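Keep in mind that this is a model prediction, so the values were computed, not measured. The basis for the numbers below is simple: all heavy atoms, side chains too, and nothing from hydrogens, waters or symmetry mates.
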Amino acid sequence: MKLHELADRAGARKKRVRIGRGIGSGVGKTGGRGGKGQTARSGVRIKGFEGGQMPLHRRLPKRGFHSLTRERVAEVRLFELEALQVSDVDLAALQSAGIVARSKLGAKIILSGKLTKALSIRGDVKASKGARAAIEAAGGKVEVLEAKAEDKPRKEKKEKAQKPEAKPAEQSPEA
């Protein structure tokens, strides 16, 4: 047997059905799509429409939560901080150590493992309550740069133009 003699078994590869190629093909004219209308066209179709009845995907209760910041914020555990060689921990230090991916915009330290050395956490690195307590118990400190409610610029309300006071209607003499 030679390389040019190799072939698949009979029936291993089916020939693609070419639709819309005449009456004799069996799938001509409408091309297996039925009659006319929106469902016969390519592109957008009515998905989930149940003839005016409330669709199943709207009848069922919604559950769960999808965090919008999950993709941007990395989780860091205490035992990963224990392995760091630096005492000042910020996002750049975590990224250079390979703990946090370069694509992440922030990190959050969670309570998992033990921490024995004093670390100074700052910058875009936040900490959970338990992790903050563990870091401070080891002699470290957490300085998170968060904008407080007072620091955020407030939109100034436009003062409404005061309406002139209505004059009392003059009474006509009825005598």
(request) Please round to the nearest 0.5 Å and tell me the distance separating atom CG of L84 and atom CD1 of I99. (result) 4.0 Å
(request) To the nearest 0.5 angstrom, please state how far the CG atom of L81 sits from the NZ atom of K117. (result) 8.5 Å
(request) Under the side chain to side chain contact (heavy atoms under 4.5 Å, CB included) rule, collect the residues that match up with I46, sequence neighbours excluded. (result) Q38, F49
(message) Quick check: closest heavy atoms across A138 and L115, and the distance to 0.1 Å?
(response) CB-O, 3.7 Å
(request) Answer with yes or no whether the hydrophobic clustering places I110 together with V73; edges join I, L, V, M, F, W, Y residues whose side-chain heavy atoms lie under 4.5 Å apart. (result) no
(request) Just jot down the side chain to side chain contact (heavy atoms under 4.5 Å, CB included) partners of A127, sequence neighbours excluded, or say none. (result) I109, A131, R132, V142
(message) I'd like to check the side chain to side chain contact (heavy atoms under 4.5 Å, CB included) partners of L68; sequence neighbours left out, ordered by chain and number.
(response) H66
(message) Testing the basics here: between G35 and A40, what is the closest heavy-atom pair and its distance to 0.1 Å?
(response) O-CB, 3.1 Å
(request) Check salt bridge (charged side-chain N to carboxylate O under 4.0 Å, His left out) between E136 and all other residues, then give those that pass, not counting sequence neighbours. (result) none
(request) Output all residues satisfying salt bridge (charged side-chain N to carboxylate O under 4.0 Å, His left out) with E143, sequence neighbours left out; order by chain, then residue number. (result) K141
(message) Enumerate the side-chain hydrogen bond (donor to acceptor under 3.5 Å, both in side chains) contacts for residues 71-94, please, sequence neighbours excluded, ordered by first and then second residue.
(response) E75-R77, E82-T116
(request) Considering non-hydrogen atoms only, spot the tightest contact between S128 and L111 and give its length. (result) OG-N, 3.9 Å
(request) Identify, with sequence neighbours excluded, every residue that meets salt bridge (charged side-chain N to carboxylate O under 4.0 Å, His left out) alongside R59. (result) E50
(request) Please go through L6's hydrophobic cluster and name the other residues, only I, L, V, M, F, W, Y counting, with side-chain heavy atoms under 4.5 Å joining them. (result) M1, L3
(request) Spell out, as yes or no, whether a donor-acceptor pair under 3.5 Å connects the side chain of K62 to the backbone of L60. (result) yes
(request) Identify, with sequence neighbours excluded, every residue that meets side chain to side chain contact (heavy atoms under 4.5 Å, CB included) alongside S103. (result) A101
(request) Kindly compute the distance separating CD1 (I135) from CD1 (I121), expressed to the nearest 0.5 Å. (result) 4.5 Å
(message) Distance check, rounded to the nearest 0.5 Å: R33 atom CZ versus K36 atom NZ?
(response) 16.0 Å
(message) Running the 4.5 Å side-chain criterion over Ile, Leu, Val, Met, Phe, Trp and Tyr, what cluster does V17 land in, apart from itself?
(response) I19, V27
(request) For atom CD1 of I23, decide whether the heavy atoms of other residues, nucleotides or ligands shown that lie under 6.0 angstrom number more than 12. (result) no
(request) Return each pair, listed once, that meets salt bridge (Lys or Arg N to Asp or Glu O under 4.0 Å) where at least one residue sits in residues 98-108; pairs must be two or more places apart or across chains. (result) none
(request) Can you run down the side-chain hydrogen bond (donor to acceptor under 3.5 Å, both in side chains) pairs that involve residues 9-32, sequence neighbours left out, and say none if there aren't any? (result) D8-R13
